[in-house]
There are 2 protein chains.
Amino acid sequence: MPKTSAVLAKEPVRQPAKSAATRRKILDAAARTFRDKGYAATTLNDIADAAEIRAASLYYYFRSKEDLLDAVFGIGMQRVVDAVRQRSAALPANATLAQRIQVAIEAHLEMLLQQGDYTSANIRIFGQVPKSVQRKQLPLREDYAEFWRELLEKAQKAGEIRAEVDLGIMRMLIFGALNWCTEWADPKKGPVREIARQATMLVLDGIARRKK
Amino acid sequence: MPKTSAVLAKEPVRQPAKSAATRRKILDAAARTFRDKGYAATTLNDIADAAEIRAASLYYYFRSKEDLLDAVFGIGMQRVVDAVRQRSAALPANATLAQRIQVAIEAHLEMLLQQGDYTSANIRIFGQVPKSVQRKQLPLREDYAEFWRELLEKAQKAGEIRAEVDLGIMRMLIFGALNWCTEWADPKKGPVREIARQATMLVLDGIARRKK
DNA sequence: GTCTATAAGGTGATAGAC
DNA sequence: GTCTATCACCTTATAGAC
């Protein structure tokens, strides 16, 4: 909430930098704690401790615990949407399915495993969060789903994906393979790049050795 | 807790059928509620209501909320282990990788989506549950992982899985694709069989049309 | 076995001083 | 902006009657 301006002040209007920084600290703390413990098990005291303030001060920045959760979710989903769209847009227009899939998988996994707790919090705990918050997030989720839906549909129409593939089911299976990585993958123990490589391999060619 | 017997009674010792039935009702209610809302958000009153008793009565059957969770988890994991092992054992000794994978995937998905809330509760909320409960469940989980590890290792040694496949990563990606189904698949809206078919297709051959 | 009553402690949220 | 103090409520768990 920026000051409503002070037109006649000699000093340039100070952006409330400190306030913004505190807000960010709260969001960071909330994202990490929600991600690790889930929504219900996380208390405002947990978040306040991690953000180095008192629990009551949270209410200067957010109206309620649900509001804070909603903010974390929004940031997390927006980030993955932006990352995947941006990286895909950078591909040449004639890029193959294999290239497009690989780029999307890499971007998705990087946001999930390296970039931040916001996206992984969203992915991990979404299903066990108050329905009201889920509902508010649906448009953004749908936006992301739409990206993949288009990608896969175009590829199937172009003959790059076999006709027997049910795109609706397959898209969710692919999301599953990727999203589940929050449950086991540790970027400190192995490069995300290698996971992305194996995931791309799975999606495009499976694991079997055979002649198609 | 069965009666400690009454050797001289004319009537055969009555199994505490009513007690066992109540215990089962509690477990069923707990599995469903944990699955839907998560562990922390589920109160003992929620469970008691669904089981049609008072919350205090739960303590006649379980020492604590954690104990109840542990029981639900144990049943859920045991069921999927049994189902997958049993169905796999029924295959002929010379069954191919494709057949073995398909059978395991089908059994896993059926337990997850049709058979009960116990397995899906375990899969869904495991990551956001007290560490003490997670630790108690590890041996059983490891047991199940071992089944897949063996299946994949044998297949790769036999040349049925390409050498470039990292079995550790790939196993977790496959688990992800399957386990994520609890988040979106609805057996009422489409047959589990078809999801299993697509999942098997993904794992064995991916989605791309190309000559290997 | 199941209940009512209650303890002991924590929760999200608000009021108001500074 | 951040704090201390506090409220009203809900939680897990126990005690003891029936």
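Atoms considered below: every heavy atom in the structure, side chains included; atoms not considered: hydrogens, waters and symmetry mates. In the text below, chain A, chain B and the rest are named by the order of the sequence lines, each starting its count at 1.
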Point to revise | Distance below 4.0 Å between A/Thr22 side-chain N/O and D/dT2 OP1 or OP2 | key: yes

Could you list all N or O pairs between the protein and nucleotides 13-18 of chain D that sit under 3.5 Å apart?
unit_1: D/dA13; atom_1: OP2; unit_2: B/Tyr59; atom_2: OH; d: 2.8
unit_1: D/dA13; atom_1: OP2; unit_2: B/Lys65; atom_2: N; d: 2.9
unit_1: D/dA13; atom_1: O5'; unit_2: B/Tyr59; atom_2: OH; d: 3.1

Point to revise | Nearest-angstrom distance from the residue atom CD1 of A/Ile53 to P of C/dA13 | key: 14 Å

Practice item. Please determine if a side-chain N or O atom of B/Tyr60 lies less than 4.0 Å away from the OP1 or OP2 oxygen of C/dG1. Key: yes

Revision key, fill the gap. Exactly one candidate in B/Gln198, B/Glu106, B/Glu110 meets side-chain hydrogen bond (donor to acceptor under 3.5 Å, both in side chains) with B/Arg193; the answer is B/Glu106

Check your understanding: Of the candidate nucleotides D/dT4, D/dG1, C/dT2, which contains the atom at the shortest distance from the side chain of A/Arg54?
Key -> D/dT4

**Study point:** side chain to side chain contact (heavy atoms under 4.5 Å, CB included) partners for A/Ala83, two or more places apart
**Key:** A/Met111

Point to revise | Salt-bridge present (B/Arg149, B/Glu142; N to O < 4.0 Å) | key: yes

Revision key, fill the gap. All heavy atoms of B/Cys181 vs all of B/Ile195, minimum pair found to be SG-CG2, 4.1 Å

Exercise for review: Kindly state each residue pair satisfying ring-ring contact (aromatic ring centres under 6.0 Å, His included) with at least one member in residues 64-92 of chain B, sequence neighbours excluded.
Suggested key: B/Phe73-B/Phe126

Exercise for review: Assign B/Ser57 to base, sugar-phosphate, or nothing according to its heavy-atom contacts below 4.0 angstrom with the strands shown.
Suggested key: base

Point to revise | Verdict with supporting geometry, A/Asp143 and A/Arg85, salt bridge (Lys or Arg N to Asp or Glu O under 4.0 Å) | key: CA-CA 11 Å; A/Asp143 194 28; A/Arg85 282 228 143 91; 3.5 Å; yes

**Study point:** Nucleotide of D/dC3, D/dG1, D/dT2 approaching A/Ser19 most closely (side-chain heavy atoms)
**Key:** D/dG1

Review point. Rounded to the nearest Å, what distance is computed from the CG atom of residue B/Asp46 to the P atom of nucleotide D/dC10?
Key: 12 Å

